[in-house]
Protein chains: 2
Amino acid sequence: MRQVLGASSLAEQVTEAVREAIRSGELRAGELYSVYQLAERLNVSRTPVREALLGLAETGLVRFERNRGFRVVRRDPKDIAEVFHLRLLLEVPAARLAAMNAAPLDGLRAELAAMRTAAEDHDEPRFMSHDRAFHDLLLLAGGNAKLAGIVRGLRDATIALGASTADRSRSLSDIADEHEPILAALAAGDADGAAAAVRAHAAHTGELLLAQVAAENGTPVDPADADLIRSALFLS
Amino acid sequence: MRQVLGASSLAEQVTEAVREAIRSGELRAGELYSVYQLAERLNVSRTPVREALLGLAETGLVRFERNRGFRVVRRDPKDIAEVFHLRLLLEVPAARLAAMNAAPLDGLRAELAAMRTAAEDHDEPRFMSHDRAFHDLLLLAGGNAKLAGIVRGLRDATIALGASTADRSRSLSDIADEHEPILAALAAGDADGAAAAVRAHAAHTGELLLAQVAAENGTPVDPADADLIRSALFLS
DNA sequence: AGCTGACATGTAGCATGTTACATGTCAGTG
DNA sequence: CACTGACATGTAACATGCTACATGTCAGCT
């Protein structure tokens with residue numbers, strides 16, 4: 001682990017390692033772990049591990065229990081609903097503003113193209129990386145860097161527990177398709193169209209994810225959760 | 001410092017102490033400090049100080065510079081604009097939803113009353129605490145706890161550097177007054193009215209703060225900053 | 001059996017030792 | 001005078017030692 005070139009701090013590397021471990025299911029939600037064990041497994045001292053976990057605790061991914069250990073927080077459908085409610089409230093206006101300012105069309109086209117080739121290769125990590133870059137570009141074009149940062153955090157929080165619709169509810173190329181109307185509207189300078197396209201994309205993703213998580217739990221979708229997402233539709 | 005009852009961890013106490021030190025100007029923005037010095041001044045070891053600062057770094061209040069120290073981040077008008085743009089996008093829909101659901105009118109009335117008595121006593125900390133509680137209640141009534149948390153963070157980030165309009169641009173009782181229309185609209189179940197009242201309150205605060213910071217710097221308000229705030233008016 | 005309390009176990013939280021490195025300084029060189 | 005590079009200084013980042021405490025366990029008692 002030591003002396004890995006290109007990465008800045010050990011703590012950051014541990015953060016990524018833990019995120020990945022949660023995604024892969026190596027660290028199970030609800031289970032109790034300790035900084036000691038984890039540090040030993042990663043071959044680093046406890047300090048950077050603790051620092052990484054403190055950071056993740058602040059974003060709500062894990063929780064410390066004094067003198068007992070830490071726990072990966074269990075995500076429930078309500079979390080999904082809240083995240084997509086928020087994303088609609090933030091991403092839709094950002095898209096509208098991006099259309100009104102000058103959207104970075106070339107960059108967006110490049111990311112979408114990269115998503116398509118990644119989809120053909122069935123390379124989900126690469127696909128997700130470009131998906132993320134696409135949305136990042138769009139959000140930054142809205143003119144509010146803090147907003148972009150918050151949405152980025154929301155995306156990471158949901159992805160961290162494998163909450164992805166890719167190749168479950170939708171194929172990768174289906175997802176890429178949903179970005180076309182966004183790009184088209186931006187190219188046309190159509191603010192309403194861009195807003196509508198982003199709204200449709202985000203709402204669709206949210207509802208699929210909600211249904212998927214409900215199915216995993218074997219329970220029906222709580223209408224309140226679906227309503228929370230939908231309530232953001234006419235508010236944005 | 002040790003063994004302070006009622007507070008959970010040393011790191012959290014240090015977090016508060018640093019926040020307060022920034023507010024009071026004891027720690028000046030832009031200046032370089034070290035964990036060593038700070039730990040000595042607070043009579044605790046470096047570890048909890050470092051942990052506290054790492055947390056504050058994550059919220060953007062300070063920044064670490066490797067092998068040099070840490071710096072209190074300087075807030076510029078653009079930050080103010082971004083924060084209020086975000087608050088408008090989030091608080092206005094939340095108010096609308098709160099009006100449509102059942103707003104916790106009793107609690108809100110109690111907080112507003114407490115704000116009034118604090119205003120009479122010219123007790124700004126107490127006033128701010130109830131102001132915060134008022135907005136917290138309102139946001140939670142919107143039904144999205146994560147949204148409430150994010151807005152809370154945005155509020156904290158701005159007040160941490162004394163960025164308050166209280167008794168500069170407005171008296172405390174002026175600020176209390178601005179909450180009346182919100183409460184009235186909520187009591188009447190008037191969603192549009194509640195949205196408009198919150199929008200007016202937030203936009204007003206943002207513009208005053210922008211002007212105030214510009215005046216401190218002796219520069220005119222950057223139109224782009226004012227536009228960013230205003231752009232959220234017709235988006236929410 | 002049901003209860004109680006001493007004790008073993010394992011941990012977060014805190015303190016402190018150690019290391020690599022970014023910068024400022026300043027003598028030595030052209 | 002300008003420029004270079006060895007060195008001193010101070011620091012974040014990391015490693016490790018220490019302590020109080022929350023919990024599980026289990027013998028001893030009723």
Side-chain angles (χ1 to χ4, degrees), chain A residues 1-19 21-22 26-74, chain B residues 1-19 21-22 26-74:
Chain A
M1 195 85 181
R2 211 69 39 79
Q3 224 62 298
V4 179
L5 289 157
S8 37
S9 84
L10 265 186
E12 288 172 36
Q13 296 171 49
V14 172
T15 300
E16 256 331 290
V18 172
R19 281 200 132 93
I22 293 176
E26 205 171 347
L27 291 179
R28 288 195 307 270
E31 213 74 12
L32 201 57
Y33 300 99
S34 86
V35 173
Y36 256 95
Q37 304 164 9
L38 195 52
E40 195 166 330
R41 233 183 40 177
L42 297 175
N43 276 313
V44 292
S45 78
R46 311 189 307 266
T47 305
V49 174
R50 177 169 161 82
E51 284 174 2
L53 288 170
L54 281 171
L56 293 171
E58 218 147 348
T59 73
L61 241 140
V62 304
R63 179 175 323 167
F64 274 93
E65 300 187 10
R66 189 179 180 108
N67 300 329
R68 287 191 40 76
F70 70 90
R71 213 178 278 280
V72 178
V73 172
R74 198 183 290 284
Chain B
M1 196 85 182
R2 210 69 40 79
Q3 222 62 300
V4 179
L5 289 158
S8 36
S9 84
L10 264 186
E12 288 173 35
Q13 296 171 49
V14 173
T15 300
E16 257 329 291
V18 171
R19 282 201 131 93
I22 294 176
E26 206 171 345
L27 291 179
R28 288 195 307 269
E31 213 74 11
L32 202 56
Y33 299 98
S34 87
V35 173
Y36 255 96
Q37 304 163 8
L38 195 52
E40 196 166 330
R41 233 183 41 178
L42 297 175
N43 276 311
V44 292
S45 79
R46 311 189 306 266
T47 304
V49 173
R50 176 169 163 82
E51 285 173 3
L53 287 170
L54 282 171
L56 293 171
E58 218 147 347
T59 73
L61 242 138
V62 303
R63 181 176 325 165
F64 274 92
E65 299 186 12
R66 188 177 180 108
N67 301 328
R68 289 192 38 76
F70 69 89
R71 215 178 276 281
V72 177
V73 172
R74 198 185 288 284

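Residue numbering restarts at 1 for every chain, and letters A, B, ... go by the order of the sequence lines.
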Counting only side-chain heavy atoms from C-beta out, which of C:dC14, D:dA12, D:dA15 sits nearest to B:F64?
D:dA12

Record whether the side chain of A:R46 comes under 3.5 Å of the base of D:dG17 through a donor-acceptor pair of N or O atoms.
yes

For D:dC14, take OP1 and OP2 only and decide whether either is under 4.0 Å from a side-chain N or O of A:S45.
no

Return no unless some side-chain N or O of B:S9 is found under 4.0 Å from OP1 or OP2 of C:dG13.
no

How close or far is atom P of D:dA12 from atom CG of B:L54, stated in whole angstroms?
10 Å

Would you mind reporting whether A:L38 and A:L53 have side-chain heavy atoms less than 4.5 Å apart?
yes

Which residue lies toward the 5' end of DNA chain D, B:V35 or A:Y36, if each is placed at its nearest nucleotide?
B:V35

Residue set satisfying side-chain hydrogen bond (donor to acceptor under 3.5 Å, both in side chains) with A:R50, at least two apart, ordered chain then number -> B:E51

Taking only side-chain N and O atoms of A:Q37, does any of them lie within less than 4.0 angstrom of OP1 or OP2 on C:dT11?
yes

Looking only at side-chain N and O atoms, does A:R50 come under 4.0 Å of OP1 or OP2 in C:dG13?
yes

Gap between atoms CZ and C1', on B:R63 and D:dT11 respectively (whole Å)
18 Å

Considering only heavy side-chain atoms of A:P48, the closest of D:dC14, D:dA13, C:dA15 is D:dC14

B:L42 has an atom CG; how far is it from atom P of C:dC14, in whole Å?
13 Å

Write down the distance between CD (B:E65) and C1' (D:dA12), rounded to a whole number of angstrom.
11 Å

When the distance from CG of A:L32 to C1' of C:dT9 is rounded to whole Å, what number comes out?
14 Å

Applying side-chain hydrogen bond (donor to acceptor under 3.5 Å, both in side chains) as the test, list every pair that has at least one member in residues 63-72 of chain A; sequence neighbours left out.
A:E65-A:R71

Of the nucleotides D:dA13, C:dG13, C:dA15, which has the atom closest to the A:R66 side chain?
C:dG13

So how far is it from B:T15 OG1 to B:L10 CG, rounded to the nearest 0.5 Å?
10.5 Å

Could you check whether atom CD of A:E16 has more than 12 heavy atoms from other residues, nucleotides or ligands sitting under 6.0 Å from it?
yes

Would you kindly give the CZ-to-C1' distance between A:R68 and C:dG13, to the nearest whole Å?
16 Å

Given atom CD of A:E12 and atom P of D:dA13, what is their separation to the nearest angstrom?
9 Å

Integer-rounded Å distance: C:dG10 P and A:L38 CG:
18 Å

Of A:T47 and A:F70, the one whose nearest nucleotide on DNA chain C sits closer to the 5' end is A:F70

